[in-house]
Undergrad: 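Input: one structure, supplied below.
Predicted, not measured: the structure shown is a model, and the values here were computed from it.
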Amino acid sequence: MMNDLLASIGIVFIVVGLFNCFAGYWLFKFQLRLIGFIIGFALGFGLSKIALIGLVCGIISTFLIEKLYFVGVFFVGAGFGLLLGHLLTSGTGRKSDNFLLLIFAIIGGIAAIFFNKL
């Protein structure tokens, strides 16, 4: 169940990232807010199974990502790193190791901050 959620979130990150590559940097802040809302909604709804709580969590995370810009950039990179780690470990037929996925997420987040405006 958790792996399906991670794969779904990763696919959203890839689509948004590709859109950002071709639309330009000026749309990145909007996309960052959108990703913040999606993550907040998914966590709130996933934990409570109540759409209103998911909506409130989405709005709060949108606000936080807007105010904490580099934290948002880190989370976008971490999501991509998590997806990459999940894809690499699931291709081996073994169960994903959470520690290894955490390492991929941290590397992805640091890379996103480092290559932020490139």
Undergrad: I'd like to know if V73 and L34 are part of one continuous hydrophobic network [Ile/Leu/Val/Met/Phe/Trp/Tyr, side-chain heavy atoms within less than 4.5 Å].
TA: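 Linked, L34 and V73 end up in one cluster.
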Undergrad: If you look at every heavy atom in L83 and I11, which pair is closest and at what distance?
TA: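 Scanning both residues completely, I find the closest heavy atoms to be CD2-N, 4.5 Å.
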Undergrad: For F37, does the CZ atom sit with more than 12 other heavy atoms under 6.0 Å from it, leaving out its own atoms?
TA: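 Buried by this count: over 12 neighbours within 6.0 Å.
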Undergrad: Starting at CG of N98, measure out to CG of L82 and round the result to the nearest 0.5 Å.
TA: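 Interatomic distance, N98 CG to L82 CG, rounded to 0.5 Å: 9.5 Å.
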Undergrad: If you count heavy atoms of other groups shown closer than 6.0 angstrom to OH of Y69, is the number above 12?
TA: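 Yes, the 6.0 Å shell around OH holds more than 12 heavy atoms from other groups.
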Undergrad: Hydrophobic cluster membership, with links at side-chain heavy-atom distances under 4.5 Å among I/L/V/M/F/W/Y: are L68 and F75 in one?
TA: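 Yes.
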Undergrad: Do L47 and L55 sit in one hydrophobic cluster, given that two such residues count as connected whenever their side-chain heavy atoms are within less than 4.5 Å of each other, even indirectly?
TA: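 No.
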Undergrad: How close do S61 and G40 get, heavy atom to heavy atom, and via which atoms?
TA: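 The answer is OG-CA, 3.3 Å.
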Undergrad: Specify the closest pair of heavy atoms between I110 and F74, including all atoms of both residues, with the distance to one decimal.
TA: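 Looks like N-CE1, 3.6 Å.
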Undergrad: What residue among T62, V71, I65 forms side chain to side chain contact (heavy atoms under 4.5 Å, CB included) with L32?
TA: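 Running side chain to side chain contact (heavy atoms under 4.5 Å, CB included) over T62, V71, I65 with L32 returns exactly one hit, I65.
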Undergrad: If two hydrophobic side chains count as joined below 4.5 Å and joins carry through other members, does I59 share a cluster with F41?
TA: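 As far as the 4.5 Å side-chain criterion goes, F41 and I59 are connected within one cluster.
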Undergrad: When clusters are formed by joining ILVMFWY residues with side-chain heavy atoms under 4.5 Å apart, either directly or through shared neighbours, do F45 and I38 land in the same one?
TA: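 No, because F45 and I38 fall into different hydrophobic clusters, even though each may have its own neighbours under 4.5 Å.
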Undergrad: Only one of T89, L88, I106, L84 passes side chain to side chain contact (heavy atoms under 4.5 Å, CB included) with L101; say which it is.
TA: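 Going through the options one by one, the only one that passes is T89.
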